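Reviewing the structure listed below.
Along the sequence shown, residues are numbered consecutively beginning with 1. The shown structure was predicted, so the numbers you read here are calculated from the model rather than taken from an experiment.
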Amino acid sequence: MGKHLIVGASGQLGIELMLGLQARYGAENVVLSDVRPCPHPDAALSTFVTADATDLDAQRALMEGNDIDVVYNLVAMLSAKGESHPMAAWGLNMNPLLHTLELAREGKVKRVFWPSSIAVFGSEAPKNGTPQDAALVPTTVYGVSKTAGELWCKYYHDKFGVDVRSIRYPGLIGYRSMPGGGTTDYAVDAFHCAAAGKALTCYLAHDERLPMMSMSDAVRGTLELMEAPSAHVQVRTSYNLHGCDFTPAELTTAIRRHVPDFEVVYAPDHRQAIAESWPNRLDDHSARRDWGWQPEHDVEGLVQHVLEGLAQPIHG
Ligand code: SER
């Protein structure tokens, strides 16, 4: 493979994926793009192109001008923010994906990654061990756009042979970058509050269980999926991927083993209804079978990993 392009490189996942791709393939083989500058210092090691992901011509120029083979298109408006701006979320979550798929169909790139989410599931899906092929009846515009996007990915693969691959990420927990506008973000906030000696005001109920994953597992899983031989990638909508699962109360207990004074105040808001519609735990045996997925971090491992990362002088 030649160069790897991240569209949406300045976001929560983009920064982490940038570091993963730079370490794996060399910074000179990574190209970054966003409308905002990337706040991580290592972004300076790779080419950065300011480009609008919603502009097809700008995306074509980006791919043609930089000899791109693989695109990771991470542009999205997350679940909670999307409910306040439904049409903006729909446009942002769909148009950049469709542009990337079209450019891949034209042969501009060889392989595409696009993230889906646990938000594709709604109340008609079993909550515990949610199957890969459960009914997708999402309750948020974010979930609707991810469901539609999964179907577009499969359509471009089946109809035009586009090698597009996808993962239904659970809540992603890292220490290098802040999320924005999601429903699972309370868990990232919890670590920042604990590290800063502050109390967390938690907008979910104490017993609201959600699937979660460390950023290091998410990035490794993404690279493993993208390196798998094409014939092994049997799921062309999006793979369920499970890391671990916990409630806010369980996370608090785990953090208190390291930060005994950590306090949480519960004040559930509209995000609680979104969380209630999502799975507790995913069945990810398709990913394990097809390309060997195996998470590293359970809840205890994730807590230790994130707190150690936050204690570093530069969270790099
Ligand atoms: N982390 C996302 C959110 O909370 C779910 O994919 O919106």
Side-chain angles (χ1 to χ4, degrees), residues 8 11-13 54 73-98 100-101 112-158 164-173 179-187 203-205 208-213 218 222 235-243 245 247 268-284 286-287:
Q12 182 203 12
L13 177 58
T54 64
N73 182 339
L74 310 180
V75 175
M77 188 186 297
L78 295 183
S79 59
K81 188 170 176 196
E83 291 308 281
S84 305
H85 311 280
M87 283 303 113
W90 175 253
L92 190 66
N93 294 349
M94 296 311 303
N95 291 327
L97 168 65
L98 292 173
T100 300
L101 291 173
V112 175
F113 178 81
W114 180 74
S116 186
S117 162
I118 54 170
V120 296
F121 298 112
S123 52
E124 296 189 26
K127 288 241 178 279
N128 293 307
T130 308
Q132 175 68 43
D133 58 359
L136 305 184
V137 190
T139 61
T140 59
V141 69
Y142 176 68
V144 171
S145 65
K146 289 298 182 187
T147 303
E150 286 190 9
L151 295 173
W152 276 117
C153 289
K154 183 165 168 51
Y155 179 81
Y156 269 78
H157 172 265
D158 293 354
V164 51
R165 306 169 181 208
S166 178
I167 288 172
R168 290 172 180 156
Y169 290 125
L172 299 182
I173 317 294
T183 299
T184 57
D185 298 353
Y186 87 86
Y203 54 75
L204 297 185
E208 181 52 55
R209 181 173 301 282
L210 285 170
M212 301 281 186
M213 184 180 289
T222 303
V235 174
R236 292 292 182 164
T237 50
S238 188
Y239 278 98
N240 279 11
L241 219 61
H242 195 70
D245 53 272
T247 66
D269 67 14
H270 60 282
R271 288 167 280 194
Q272 173 60 23
I274 298 176
E276 271 172 29
S277 75
W278 289 353
N280 295 338
R281 184 165 43 78
L282 300 184
D283 175 345
D284 62 4
S286 296

**Message:** I'd like to know if the side chain of His242 and the backbone of Leu282 have a donor-acceptor N/O pair within less than 3.5 Å.
**Reply:** yes
**Item:** Contacts of type ring-ring contact (aromatic ring centres under 6.0 Å, His included), residue Trp90, not counting sequence neighbours
**Value:** none
**Message:** Donor-acceptor pair, distance only, cut-off 3.5 Å: does the side chain of Asn240 make one with the backbone of Thr130?
**Reply:** yes
**Fill in**
All heavy atoms of Asn93 vs all of Ala76, minimum pair found to be OD1-CA, 3.1 Å
**Item:** Heavy-atom side-chain proximity of Tyr142 to Ile274 below 4.5 angstrom
**Value:** no
**Asked** Considering only heavy atoms from C-beta outward, does the side chain of Pro268 approach that of Leu204 to under 4.5 Å?
**Response** no
**Asked** Under 3.5 Å, is there a donor-acceptor pair between the side chain of Gln272 and the main chain of Tyr203?
**Response** no
**Straight-line distance of Gln12 CD to Asp185 CG, nearest 0.5 Å** = 6.5 Å
**Complete:** In terms of heavy-atom contacts, Pro131 and Asp283 come closest through CA-CB, 4.1 Å
**Item:** Between CE on residue Met212 and CD1 on residue Ile173, distance to nearest 0.5 Å
**Value:** 5.0 Å
**Interatomic spacing from NZ in Lys146 to CG in Leu136 - rounded to 0.5 Å** = 13.5 Å
**Complete:** Here the pair of heavy atoms bringing Thr247 nearest to Tyr186 is C-OH, 3.7 Å
**Asked** Does some side-chain heavy atom of Thr237 sit less than 4.5 Å from a side-chain heavy atom of Arg168?
**Response** yes
**Side chains of Leu210 and Pro170 in contact at under 4.5 Å (non-hydrogen atoms)** = no
**Asked** Got Thr184 and Leu172 here, is their nearest side-chain heavy-atom distance under 4.5 Å?
**Response** no
**Asked** Sub-3.5 Å donor-acceptor pair from the side chain of Thr183 to the main-chain atoms of Arg271, do we have one?
**Response** no
**Request:** Could you tell me whether a side-chain N or O of Gln132 sits under 3.5 Å from a main-chain N or O of Ser238, the two making a donor and an acceptor?
**Result:** yes
**Message:** Strictly distance-based, threshold 3.5 Å: is any side-chain N or O of Arg236 a donor or acceptor partner for the main-chain N or O of Val164?
**Reply:** yes
**Message:** Give me the atom names and distance for the closest heavy-atom approach of Met94 to Ser145.
**Reply:** SD-O, 3.4 Å
**Asked** Do the rings of Tyr156 and Trp152 sit parallel, tilted or perpendicular, given the 30° and 60° boundaries?
**Response** tilted
**Message:** Are the side chains of Leu97 and Cys153 in contact, using a 4.5 Å heavy-atom criterion?
**Reply:** yes
**Closest contact, heavy atoms only, Met77 versus Ala89** = SD-CB, 3.8 Å
**Message:** Quick one: does any side-chain atom of Ser166 pair with a main-chain N or O of Trp114 as donor and acceptor, under 3.5 Å?
**Reply:** yes
**Item:** Heavy-atom donor-acceptor pair, Lys127 side chain to Glu276 backbone, under 3.5 Å
**Value:** yes
**Request:** Hey, could you give me the OG/NE2 distance between Ser84 and His270, rounded to the nearest 0.5 Å?
**Result:** 6.0 Å
**Asked** Under the ring-ring contact (aromatic ring centres under 6.0 Å, His included) test, which residues partner Tyr239, sequence neighbours left out?
**Response** Trp291
**Request:** Measure from the side-chain N and O atoms of Asn73 to the backbone N and O of Pro96, and report whether any donor-acceptor pair falls under 3.5 Å.
**Result:** yes
**For Ala134 against Ala125, the heavy-atom pair lying closest together** = CB-CB, 3.9 Å
